[in-house]
Amino acid sequence: MPCPIHTALTRFFADHNVTLTSHCSGGVVVGFSGGLDSTVLLHALATLPGFERQRLRAVHVDHGLHRDSADWSQRCTELASGLGVPMQTLRVQVDGIAEYGPEGAARRARYAAFSSTLQSDDLLLTAHHADDQAETLLLRALRSAGLEGLAAMRPLRALGPAWLGRPLLDTPRSSIADYAQRHSLNWIEDPSNADERLDRNFLRHRVFPLLESRWPQARRALADSARHLRGASAAASAELDRRVATAIGESARQLRIPQLLGFADDETATLIRHWLMQCALPPPPPRVLDDLLTQLARAQVDRNLLVRWPGGEVRRYRDRLFAMPPQSPVAQWADRDWDVPEAFDFGDGRVLRVTGEAPPRRLQVRARRGGESLVVADNRPRRELRLLFQEHGIPPWQRERQPYVYDGATLVAVGDRFIEQEFRRWLQKHDAELVFHDATQDTTPI
């Protein structure tokens with residue numbers, strides 16, 4: 001009788017054009033917690049007929065949230081070693097529990113750790129199964145997810161330069177447990193899996209047994225629904241991509257408001273949500289989208305707009321919406337010397353540097369005081385910086401983060417937006433360029 005776990009793995013590789021023996025430029029990496037599911041996945045891959053085991057490795061993430069986590073890491077190393085699979089342990093600091101909850105914060109830390117160790121075209125495999133999919137669908141429905149969210153977990157998606165695959169997504173947990181019993185596998189039991197204060201555990205131990213007492217196939221039906229919704233989501237996504245493309249501003253993180261006004265509120269909310277996900281920001285909850293639409297309808301063109309949610313925010317300037325990670329106020333700091341050509345690092349994601357062959361020169365970097373002006377071109381009068389900002393359409397929150405570069409008492413540059421003419425000539429003479437990078441304002445296409 002064919003092994004259902006091996007069959008699921010073989011089907012996954014075939015469906016996603018991953019050759020078992022060669023022609024896959026990256027390695028195959030198993031996210032290995034040492035629990036039942038990932039132990040079965042690692043064992044099944046290590047024993048899969050035709051699979052090149054030298055391509056296989058495991059990665060264990062130690063969240064440090066349990067007093068026994070170091071012992072679990074050691075047991076995972078022993079389990080992987082027993083299968084002849086090399087394993088790497090990554091220790092992480094879980095932040096943002098108050099913002100994302102314990103499960104969400106741990107998941108964010110875990111995938112950030114995975115991303116840090118994956119190479120281009122590596123395939124990271126996790127042991128999520130059909131029961132997990134059913135739980136995910138129900139959790140997202142309870143959190144008012146849209147179509148994209150209700151499609152739940154996808155079998156394959158990009159993860160930075162690598163890929164994330166879930167080959168057991170259509171496999172019930174009962175089949176995984178049968179495999180473990182048949183092969184006499186040992187695994188780690190995490191006591192947190194019994195903690196019903198965690199949403200997923202509450203569903204697993206309380207809600208699903210009640211559902212299955214009336215509808216025995218509840219998990220299977222919900223997992224099937226998620227698969228159907230994936231197809232619908234893919235079709236809707238293509239149309240939303242087209243609509244977003246027609247509304248994009250000067251960068252992928254800008255959306256032109258006039259292009260949104262011809263749609264009904266529900267369609268506009270769906271389009272904005274889709275755009276934010278393209279910007280790699282977490283989708284906002286419905287109340288935030290409702291607030292955004294209300295502000296758009298009521299605010300005058302010259303009024304600022306701001307909505308925030310955990311992980312992102314949207315601001316308005318003129319006829320554009322700007323998407324960005326949460327912005328923290330610019331810290332107050334004293335004037336500091338800058339010895340060119342050394343880079344000037346503010347320590348908050350902002351960096352100033354002079355590229356090229358500029359000779360050493362001492363400058364000063366200061367915060368904005370108000371009333372500044374400078375000459376940006378020959379035969380042009382001195383201009384107030386306030387007017388230059390308005391003329392060039394620089395939003396207020398970006399103005400606050402611009403560094404002011406002085407040579408003695410003379411303002412010679414505002415970031416790399418405005419450069420005083422004499423200083424520009426000095427840069428050109430030395431084939432140099434002033435560059436200012438602000439990681440929180442990165443507007444490169446996504």
Side-chain angles (χ1 to χ4, degrees), residues 95 112 115-116 120 160-161 248-255 275-276 278-282 306 308 311-315 317 320-369 372 374 376 385 388-407 410-421 423-446:
D95 298 316
S115 296
S116 71
S120 178
I248 287 294
E250 286 75 18
S251 80
R253 290 186 185 269
Q254 295 180 28
L255 209 59
W275 166 60
L276 293 171
Q278 285 185 345
C279 294
L281 295 174
L306 170 61
R308 292 190 175 104
E313 62 185 52
V314 169
R315 297 172 183 252
Y317 180 63
R320 299 284 193 274
L321 292 180
F322 293 76
M324 61 198 76
Q327 302 292 290
S328 56
V330 178
Q332 295 297 317
W333 47 279
D335 298 347
R336 290 163 52 187
D337 289 335
W338 176 22
D339 292 319
V340 175
E342 296 294 325
F344 189 97
D345 191 338
F346 292 80
D348 61 0
R350 297 180 296 162
V351 180
L352 263 175
R353 57 172 52 89
V354 172
T355 63
E357 302 297 328
R361 180 171 179 175
R362 172 159 287 194
L363 300 170
Q364 295 78 42
V365 180
R366 304 175 186 172
R368 186 181 184 185
R369 292 183 172 89
E372 293 88 351
L374 72 171
V376 295
L385 191 56
L388 287 171
F389 280 144
Q390 293 175 2
E391 182 180 311
H392 289 264
I394 297 173
W397 62 90
Q398 292 184 9
R399 302 175 195 179
E400 297 171 2
R401 298 185 64 85
Q402 295 297 313
Y404 293 72
V405 182
Y406 282 78
D407 183 3
T410 303
L411 177 64
V412 297
V414 180
D416 54 8
R417 299 271 192 173
F418 306 114
I419 301 176
E420 191 269 338
Q421 190 59 18
F423 187 55
R424 186 187 303 277
R425 279 194 285 266
W426 180 81
L427 292 170
Q428 292 172 345
K429 176 181 177 181
H430 299 289
D431 195 25
E433 184 178 1
L434 178 65
V435 178
F436 174 55
H437 177 70
D438 186 347
T440 69
Q441 299 294 323
D442 189 359
T443 58
T444 52
I446 298 167

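Here the structure is a predicted model, which means the values were calculated and not measured. Counting begins at 1 with the first residue of the sequence. Just the heavy atoms: all of them, side chains too, but no hydrogens, waters or symmetry mates, feed the values below.
- Contact record, D335 with A367: OD1-N, 4.2 Å, taken as the closest heavy-atom pair.
- Residues R308 and P326 have side chains not in contact (no heavy-atom distance under 4.5 Å, counting atoms from C-beta outward).
- Residue E357 qualifies as open at atom CD: its count of foreign heavy atoms under 6.0 Å is 12 or below.
- Minimum interatomic distance between W426 and A358 (heavy atoms only, all atoms of both residues): CH2-CB, 3.7 Å.
- No donor-acceptor pair closer than 3.5 Å links the side chain of R315 to the backbone N or O of L321.
- The cationic atom of R366 (NZ for Lys, CZ for Arg) lies less than 6.0 Å from the six-membered ring centre of Y406 and within 45° of the ring axis.
- When all heavy atoms are compared, the tightest approach of L434 to A413 is CD2-CB, 3.5 Å.
- Using bins of under 30°, 30° to 60° and over 60° for the plane-to-plane angle, the ring pair W397/F322 lands in the perpendicular bin.
- Residues R336 and D345 approach most closely at NH2-O, 3.7 Å, considering heavy atoms.
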### Query
For L385 and V414, what are the C-alpha separation, side-chain angles and deciding distance, and is it a side chain to side chain contact (heavy atoms under 4.5 Å, CB included)?
CA-CA 9 Å; L385 191 56; V414 180; 3.9 Å; yes
### Message
Set out, in order, the CA-CA distance, both residues' side-chain angles and the distance that settles side chain to side chain contact (heavy atoms under 4.5 Å, CB included) for L276 and V314, then state yes or no.
### Response
CA-CA 9 Å; L276 293 171; V314 169; 3.7 Å; yes
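- Annotation: the span from I248 atom CD1 to Q254 atom CD amounts to 8.5 Å, rounded to 0.5 Å.
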### Task
Could you check R350 against H437 for side chain to side chain contact (heavy atoms under 4.5 Å, CB included), going step by step and ending with a plain yes or no?
CA-CA 6 Å; R350 297 180 296 162; H437 177 70; over 6 Å; no
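- Take D407 and apply the side-chain hydrogen bond (donor to acceptor under 3.5 Å, both in side chains) test, not counting sequence neighbours, and it matches R361.
- To the nearest 0.5 Å, the span separating CZ on R368 from CZ on R401 amounts to 14.5 Å.
- Annotation: side chain of R417 is in contact with side chain of I394 (closest heavy-atom distance under 4.5 Å).
- At least one donor-acceptor pair closer than 3.5 Å links the side chain of Q327 to the backbone N or O of P325.
- Between R362 and D339 a salt bridge is recorded (basic side-chain N to carboxylate O distance below 4.0 Å).
- Shortest non-hydrogen contact noted between Q421 and V376 is OE1-O, 3.1 Å.
- Applying the 6.0 Å contact sphere to CG of D431 captures no more than 12 heavy atoms from other residues, nucleotides or ligands.
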### Task
Would you please test L363 and D337 for side chain to side chain contact (heavy atoms under 4.5 Å, CB included) and show each step?
CA-CA 6 Å; L363 300 170; D337 289 335; over 6 Å; no
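- A donor-acceptor distance shorter than 3.5 angstrom exists from the side chain of S251 to the backbone of R253, with no hydrogens or angles considered.
- In this structure, E250 pairs ionically with R320, as a charged nitrogen and a carboxylate oxygen lie closer than 4.0 Å.
- A 4.5 Å side-chain heavy-atom check between R399 and Q390 finds at least one atom pair inside the cut-off.
- Relative ring orientation between F344 and F346 is described as perpendicular, the plane-to-plane angle rising above 60° on a 0-90° scale split at 30° and 60°.
- At least one side-chain heavy atom of L306 sits less than 4.5 Å from a side-chain heavy atom of E313.
- A distance of 10.5 Å separates CD of Q428 from CD of E433, quoted to the nearest 0.5 Å.
- Judged by distance alone, the side chain of D416 and the main-chain N or O of F436 form a donor-acceptor pair under 3.5 Å.
- Listed by chain and residue number, F418 satisfy the ring-ring contact (aromatic ring centres under 6.0 Å, His included) test with F389 (two or more places apart in sequence, or in another chain).
- Judged by distance alone, the side chain of W338 and the main-chain N or O of E342 form a donor-acceptor pair under 3.5 Å.
- Residues L411 and L374 share a closest heavy-atom pair of O-CB, 4.3 Å.
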